[in-house]
> 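Next up is a structure, given as C-alpha cells.
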Protein chains: 2
Amino acid sequence: MQNRPSSNTTDPVSITLADRLFDTLQRAIVEGEIAPGSKISEPELARQYSVSRGSLREAIGRLEARKLVERKPNLGARVVTLSYEQLIEIYQVREALEGMAARLAAQNMSETEIEELQTLLEEHGHEIEEQHGQAYFQKQGDLDFHYRIVQGSKNHQLIGLLCDDLYHLLRMYRYQFGMRSKRSQQAYEEHHYLINAIAAKDPEMAELLMRQHIRSSRRNVERMLLES
Amino acid sequence: MQNRPSSNTTDPVSITLADRLFDTLQRAIVEGEIAPGSKISEPELARQYSVSRGSLREAIGRLEARKLVERKPNLGARVVTLSYEQLIEIYQVREALEGMAARLAAQNMSETEIEELQTLLEEHGHEIEEQHGQAYFQKQGDLDFHYRIVQGSKNHQLIGLLCDDLYHLLRMYRYQFGMRSKRSQQAYEEHHYLINAIAAKDPEMAELLMRQHIRSSRRNVERMLLES
DNA sequence: CTCGCTTAAAGTGTCGACAATTATTAACTA
DNA sequence: TAGTTAATAATTGTCGACACTTTAAGCGAG
C-alpha cells in the first residue's frame with residue numbers, strides 16, 4: 001500500500017526520470033538512508049544517480065513540496081530535521097483531518113470496502129495473538145488501516161493531504177525514532193470500535209472515536225519520547 | 001496580508017527568478033487571468049515572460065504542488081478546473097483544519113494578538129454598517145480574520161496547509177464564481193462569538209463555533225450555486 | 001468519403017554549459 | 001596570534017540545445 005509506483009498518477013510505473021528519482025529519494029529520506037538535517041549536494045547526487053542536475057532539481061522541488069527537504073535560495077537543500085514539537089504538530093493535524101475522514105467514511109464507504117476493512121482488522125488481530133506481529137502492526141498495519149479509512153472518505157483533498165504529504169513524514173518519524181509501541185493491543189481494540197461506528201453509519205461517533213484514538217497515540221508518543 | 005512577497009521565506013523580496021515567476025503565475029491563475037482548464041504552454045509562457053523554460057518549469061512544479069495546475073507526463077500542465085464537488089471538499093477540509101486551528105488559537109494566542117483581532121473585527125463591523133463594505137468584507141476581510149486565527153494556532157504544519165495551499169485555491173473560487181454573500185452580517189456575528197471564546201481561552205467552544213461557522217458558510221455556498 | 005498509415009510539426013523531458021552567489025582558503029595588517 | 005580582506009574554489013541559478021513523445025496533417029487504400 002505504502003509504496004505505490006508514483007505520486008498519485010494512475011498510470012503504470014513512473015514514466016519520467018524525475019518521477020523515479022523522486023520516489024527513490026523519498027524512500028531514501030524516509031527510511032533514513034539520507035540522514036535528517038544533512039545537506040543535499042546537487043552535483044554529488046546527480047553523479048551518484050547518473051542523472052542531470054535539472055532532473056534532480058525537479059525531484060528535489062517535489063520533495064520540498066512534501067516538506068521532506070527544506071531549500072533556501074542560493075544555499076541549497078537540506079533534509080528536514082525532525083523535532084518533538086513538529087511531531088506533536090503533525091498529530092494535531094492528523095487528529096483534525098483523520099477525524100473528518102472517519103466522519104466522511106461513515107457516510108461514504110461502500111459495504112464491500114467495510115467488509116475488506118474488517119477482514120484486514122481480523123488479520124491484525126491474529127498477528128497480535130501470535131505475538132510476533134507487534135512490530136509489524138505498529139509499523140505498517142496501523143498506517144494501512146488509517147490509509148483505507150482516508151480512502152473511504154472519498155474526499156480527494158483529504159486523501160491528497162494525508163496520503164501524499166503527511167503519511168510520508170510520519171513514516172520518517174517512525175523510522176527515525178524507532179517508534180514501536182506496546183500499545184498494539186489497545187490500538188487494535190480502538191480500531192475495532194471505530195470500524196463498528198463506520199459499519200453503523202454513525203459519522204459523529206466515528207469522528208469522535210478516531211480523534212480519541214489519535215490523541216491516545218499522541219500521548220503514547222509523548223510518554224515514549226520523554227523517557228528517552 | 002494575502003500577497004506576501006514569496007511563499008513562506010522570511011527573506012525580503014523573492015530573490016530567485018523562479019520564485020518571482022511563481023508568484024506572478026499564481027496571482028494570474030487565482031485572479032483568473034489564465035482561465036481554469038486552459039493549457040500551460042511552456043514555450044509560449046517562457047517567451048511571454050522572457051525566461052528560460054527551466055525556470056518556468058520549476059515555477060509550474062510549485063504551482064502543481066499547490067494544486068493550482070495539474071500536470072500529466074508528456075502532456076503538459078493545465079490550470080485546474082473548478083468544480084462544485086471540489087469546493088465542497090475544500091470546505092470539509094477547512095472545517096476540520098480551522099476547527100483545530102481555533103482550538104489551538106484559544107490556547108496559544110497572545111493577549112496582544114487577541115486585541116488586534118478584536119480591533120480588526122470592529123473595523124469590519126463599521127464597514128458593514130456603512131453598507132458599502134459588504135463586498136470587501138466577504139472578499140478579503142473574512143479571509144483576513146481566518147488567516148489570523150490560523151496564525152494564532154502557532155502550529156506550523158497547520159499554518160502551512162491552510163495559508164500556503166488551501167487559501168489560494170479558495171481565493172481562486174471566489175474570483176471565479178463571484179462569491180459575494182449577503183451573509184456578511186451573520187458572519188460578522190459568528191466571528192464575534194468566536195473571538196469571545198478565544199478570549200475566554202475556551203478551546204472546546206472555539207472549535208465548535210469555528211466548525212459551525214464554516215458549515216454555515218458552506219451551506220450558503222451550496223444555496224448560491226444551486227440557484228444559478 | 002472514410003479509415004488507417006506515414007510523416008512532419010509541436011511540445012515535453014533531459015542534458016551539459018555558463019553566470020551569479022556563497023563558502024573557503026590565503027595572505028596581510030595590527 | 002587574532003582579525004580582516006582578497007582571491008579562489010565550489011555550489012546554485014539560469015539558459016539554450018538535443019532527444020523522445022504526442023499531436024496533427026497529409027496521403028493512399030478500400
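Note that the structure is predicted; figures quoted are calculated from it, not measured. To find a chain, count down the sequence lines: A is the first, B the second, and so on, and within it residues start at 1.
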> Respond yes when some side-chain nitrogen or oxygen of Ser55(B) is under 4.0 Å from OP1 or OP2 of dG13(D), and no when none is.
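False: Ser55(B) side-chain N/O out of range (4.0 Å or more) of dG13(D) OP1/OP2.
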
> Are any of Lys39(A)'s side-chain N or O atoms less than 4.0 Å away from OP1 or OP2 of dT22(C)?
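For dT22(C), neither OP1 nor OP2 has a side-chain N or O of Lys39(A) closer than 4.0 Å.
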
> Measure from the side-chain heavy atoms of Leu17(B) and tell me the nearest of dC15(D), dT12(C), dT14(C).
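In terms of side-chain proximity for Leu17(B), the closest of dC15(D), dT12(C), dT14(C) is dC15(D).
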
> Look at all strands and tell whether Gly76(B) reaches a base, only sugar-phosphate, or nothing, counting heavy atoms closer than 4.0 Å.
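The answer is sugar-phosphate, as Gly76(B) gets under 4.0 Å only of primed atoms, P, OP1 or OP2.
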
> Check this for me: does any side-chain nitrogen of one of Glu58(A) and Arg71(B) sit under 4.0 Å from a carboxylate oxygen of the other?
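Salt bridge between Glu58(A) and Arg71(B), a charged N being under 4.0 Å from a carboxylate O: yes.
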
> Whole-Å distance between dA19(D) C1' and Asn74(B) CG?
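So the two atoms are 12 Å apart, to the nearest Å.
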
> Starting at CZ of Arg47(A) and ending at P of dT14(C), how long is that distance when rounded to a whole Å?
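To the nearest whole Å, that distance equals 21 Å.
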
> Take the protein atom CZ of Arg71(A) and the nucleotide atom P of dT11(D), then report the distance between them rounded to whole Å.
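Going from Arg71(A) (CZ) to dT11(D) (P), I get 16 Å.
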
> Describe the nucleic acid contact of Ile40(B) in one word from base, sugar-phosphate, nothing, applying a heavy-atom distance below 4.0 Å.
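Here Ile40(B) touches the backbone only, sparing every base.
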
> Round to a whole Å and report the spacing from CD1 of Ile60(A) to P of dT11(D).
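About 13 Å, once rounded to whole Å.
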
> CZ of Arg57(B) versus P of dC15(D): gap in Å, rounded?
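About 15 Å, once rounded to whole Å.
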
> Say you draw a straight line from CG of Leu120(B) to CZ of Arg148(B); how long is it, rounded to the nearest 0.5 Å?
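Separation between the atoms: 4.5 Å.
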
> So, is Lys72(A) close to the dT21(C) phosphate, meaning a side-chain N or O under 4.0 Å from OP1 or OP2?
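Checking Lys72(A) against dT21(C): no side-chain N or O falls below 4.0 Å of OP1 or OP2.
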
> Any donor-acceptor pair under 3.5 Å joining the side chain of Arg53(B) to the base of dG13(C)?
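Checked by distance alone, the answer is yes.
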
> Rounded to whole angstrom units, what separation is found between the CG atom of Leu56(B) and the C1' atom of dC15(D)?
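Leu56(B) atom CG is separated from dC15(D) atom C1' by 13 Å.
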
> How long is the line joining CZ of Arg78(A) and C1' of dT12(D), in whole Å?
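About 14 Å, once rounded to whole Å.
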
> Indicate yes or no for a side-chain donor-acceptor contact from Glu42(B) to the backbone of Arg53(B) under 3.5 Å, with no hydrogens or angles considered.
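A pair under 3.5 Å: no.
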
> Can Glu33(A) and Arg27(A) be counted as an ion pair, charged N to O under 4.0 angstrom?
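Judged by the 4.0 Å cut-off on N to carboxylate O distance, Glu33(A) and Arg27(A) do form a salt bridge.
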
> Can you tell me how far P of dT12(D) sits from CG of Asp19(B), to the nearest Å?
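About 16 Å, once rounded to whole Å.
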
> At less than 4.0 Å, is any side-chain N or O atom of Ser41(B) found next to OP1 or OP2 of dA10(C)? Yes or no.
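No, because none of the side-chain N or O atoms of Ser41(B) sits under 4.0 Å from OP1 or OP2 of dA10(C).
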
> Is the closest side-chain donor-acceptor distance between Asp142(A) and His191(A) under 3.5 Å?
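Yes - a donor-acceptor pair under 3.5 Å links their side chains.
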
> Given dC15(C), dT14(C), dG11(C), which nucleotide is nearest the side-chain atoms of Ala18(A)?
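Among dC15(C), dT14(C), dG11(C), the one nearest the side chain of Ala18(A) is dT14(C).
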
> Can you identify which nucleotide, out of dG13(C), dC15(D), dT11(D), has its nearest atom closest to the Ser52(B) side chain?
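Out of dG13(C), dC15(D), dT11(D), the nucleotide with an atom closest to Ser52(B)'s side chain is dC15(D).
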
